[in-house]
Amino acid sequence: MNSVMHDIARRVAQHLEPGDVINLGIGLPTLVADHVPEGVKVFLHTENGMVGAGPTPEPEKVDPQLINAGKLPVTEDVGAAYFSSSESFAMIRGGHVSVAVLGVLQVDRLGRIANWAIPGKPILGVGGAMDLLVGAKTVIVATTHLTKKGEPKIVEECSFPLTGARPADLIVTEHATFSVDEEGLVLEEIAPDSTLEWVRSHTPVPFRNSAALEAV
Amino acid sequence: MSRALRIPGSKGQKEVSQDGRRRVDDENGAMVEAPRMDGLSSGRIESKVISVEEAAALVGPGSTVMVGGFGLVGSPLTLIEALLSSENARGLTTISNNVGEPGKGLGRLLLESKISRAIGSYFTSNPDVMERHLDGELEVRLVPQGTLAEAIRAGGAGLGGFYTKTGVGTDLAEGREVREIDGELYLFEKPLRADIALIRAHRADTLGNLTYYKTARNFNPDMATAAEVVVAEVDEIVEAGTLDPEHVVTPHPYVDYVVRAEITLGTDAGPLLDQAGGG
């Protein structure tokens with residue numbers, strides 16, 4: 001993963017609080033584990049039935065039956081616990097996961113996300129995306145501001161199928177952080193090496209500036 | 001007392017309905033003797049341990065089969081391998097998170113055209129699923145992972161279904177009952193049951209009590225409750241009375257048969273673990 005991805009992951013990790021039970025989606029969100037601020041102890045929940053997933057093991061210490069939702073090898077952190085799939089998702093839907101960090105294909109002007117299917121192709125995978133979106137107490141979207149083709153990922157209306165009706169709480173890109181309220185997006189922060197002009201011209205939806213940002 | 005047990009779906013016409021339940025004409029349902037349990041009445045405990053071949057023979061044409069695992073981890077690879085050489089294992093409906101991996105686990109059964117319908121949450125990591133689906137050889141029903149797990153749990157717990165917020169307002173909600181409960185919208189989901197569940201556990205005692213190993217647990221304890229016949233493939237079989245009752249995850253009444261695993265995911269399974277996208 002390139003430095004932009006790590007930069008986004010670092011910006012997401014700033015929002016974690018000690019004791020949070022967090023679930024990281026596949027790809028970019030997985031990197032958040034590498035950037036948890038020092039002194040902040042969080043517990044990684046993985047949908048395939050574990051809380052307390054630890055860092056990637058050395059190659060010779062890989063246990064093929066100890067994996068995360070991305071099927072990558074993990075380890076046991078202090079206090080780790082295993083459970084069945086139904087219990088794992090009861091935990092997710094029941095609001096026992098503090099934060100879900102999700103990657104997206106698109107986010108709409110109300111913060112609703114599309115991250116599971118591409119129109120025109122048979123839909124053959126949904127996994128835990130819909131459960132995490134409805135169940136986690138806080139949903140943070142971790143995404144590059146633009147697609148690889150340079151198109152904005154934050155759009156008026158998603159052209160990809162929605163993952164659910166619930167909006168995300170925070171949207172973090174390498175350029176900006178938005179919160180979401182009932183009226184839509186609120187710009188909370190501009191990345192140090194970006195500008196309001198850049199964010200405005202690459203975010204084709206109306207958004208307001210937060211009170212804190214207005215004060216600057 | 002010797003009780004007869006029907007081999008699930010081994011003969012006769014049958015239909016599999018949306019929720020995976022089957023209807024078998026009783027007269028055509030084949031009968032098979034279960035291992036004798038009459039030892040129980042004389043205070044002796046009869047073992048549930050059978051051979052892999054005997055277990056594979058329990059899967060008949062058109063069976064609905066629950067198969068444990070998240071990818072290949074926690075998947076009963078020995079039993080799946082045995083189904084490859086079983087004539088009767090064809091036209092199967094699988095209920096499993098994935099269809100194995102390309103050419104591995106259930107993925108191999110798919111390549112041998114033994115699966116005609118797959119119910120699961122994440123097939124994207126096996127491109128063969130897409131290919132067979134587009135060819136019209138494989139019917140697919142996609143269910144969010146948590147809804148899949150809970151539908152299996154409900155099937156095993158004697159429930160008629162449940163309402164979940166997951167999927168409300170999405171394409172997967174099309175044609176489904178939506179109900180408002182305390183101001184929030186929920187989707188109705190029916191339970192899932194199967195003719196037979198092939199599960200993977202770590203240790204079994206001869207009675208069928210099961211413990212699991214790390215993230216190889218996943219769907220297995222749920223599936224152990226939701227099928228007419230449950231076969232557990234395990235690393236180790238110990239005498240009843242050996243397992244600490246506090247450590248038993250699946251209590252023995254759920255389990256009909258136990259077989260010893262001959263295939264285990266080794267560290268040489270590395271490449272399998274490299275394929276991101278468990279869902």
Side-chain angles (χ1 to χ4, degrees), chain A residues 25-27 30 46-50 53 59-76 80 82-94 112 114 116-119 121-135 160-166, chain B residues 70-74 97-98 101 120-126 129-130 133-134 140 142-150 152-154 164-172 185 202 212-222 249 264-270 272-279:
Chain A
I26 291 162
T30 306
T46 177
E47 71 192 18
N48 51 319
M50 181 185 197
E60 65 276 12
K61 289 190 177 157
V62 166
D63 181 337
Q65 299 188 85
L66 178 47
I67 58 164
N68 65 16
K71 295 185 193 160
L72 297 169
V74 292
T75 48
E76 288 174 358
Y82 299 108
F83 33 83
S84 68
S85 297
S86 66
E87 180 155 9
S88 182
F89 281 92
M91 221 178 263
I92 291 170
R93 287 187 314 262
R112 293 181 302 182
W116 69 289
I118 294 167
K121 291 190 180 177
I123 295 169
L124 290 178
V126 57
M130 291 182 178
D131 301 285
L132 283 163
L133 179 63
V134 301
F160 297 113
L162 288 178
T163 306
R166 177 200 172 162
Chain B
F70 189 87
L72 296 183
V73 177
N97 193 49
N98 321 96
E101 301 286 0
S121 91
Y122 200 84
F123 305 128
T124 321
S125 53
N126 186 351
V129 173
M130 176 72 89
H133 178 60
L134 291 177
V140 166
L142 199 65
V143 187
Q145 195 177 162
T147 302
L148 177 69
E150 191 63 14
I152 295 166
R153 201 196 71 79
T164 176
K165 278 187 256 186
T166 303
V168 170
T170 72
D171 292 355
L172 294 187
L185 296 179
H202 178 44
Y212 295 89
Y213 183 80
K214 303 192 186 222
T215 52
R217 181 180 307 201
N218 56 63
F219 284 88
N220 291 298
D222 299 314
V249 176
T264 302
L265 277 186
T267 41
D268 57 345
L272 302 172
L273 301 175
D274 289 341
Q275 296 175 17

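Using a 4.5 Å cut-off between heavy atoms, A:L66 contacts chain B through both its backbone and its side chain. Of the two parts of A:T30, neither the backbone nor the side chain holds a non-hydrogen atom closer than 4.5 Å to a non-hydrogen atom of chain B. Neither the backbone nor the side chain of B:L148 comes within less than 4.5 Å of any heavy atom of chain A. B:V249 does not touch chain A: none of its heavy atoms, backbone or side chain, sits under 4.5 Å away. Using a 4.5 Å cut-off between heavy atoms, B:V168 contacts chain A through its backbone alone, with no side-chain atom that close.
Test A:D131, A:V126, A:I92, A:L133 against B:T166 for side-chain contact (heavy atoms from CB on, under 4.5 Å) and you get one pass: A:D131.
To the nearest 0.5 Å, atoms CE (A:M50) and NZ (B:K214) are separated by 7.5 Å.
For B:T147, the side chain to side chain donor-acceptor pair (under 3.5 Å) criterion is met by no residue, not counting sequence neighbours. Under the rule for a ring pair (Phe, Tyr, Trp, His ring centres under 6.0 Å), the partners of B:Y213 that lie at least two apart in sequence or sit in another chain are B:H202.
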Residue pair B:N97, B:S121: steps toward the side chain to side chain donor-acceptor pair (under 3.5 Å) verdict: CA-CA 5 Å; B:N97 193 49; B:S121 91; 2.6 Å; yes

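Highest contact tally toward chain B, considering only A:A165, A:S84, A:G49, A:A90, is held by A:S84 [criterion: heavy-atom pairs under 4.5 Å]. Most heavy-atom pairs under 4.5 Å with chain B, from the set A:S85, A:G135, A:G125, A:A117: that is A:S85. Looking only at heavy-atom pairs under 4.5 Å with chain A, the residue among B:G167, B:A216, B:P144, B:G71 that has the most is B:P144.
For A:Q65 and B:Y212, the side-chain atoms include no donor-acceptor pair closer than 3.5 Å.
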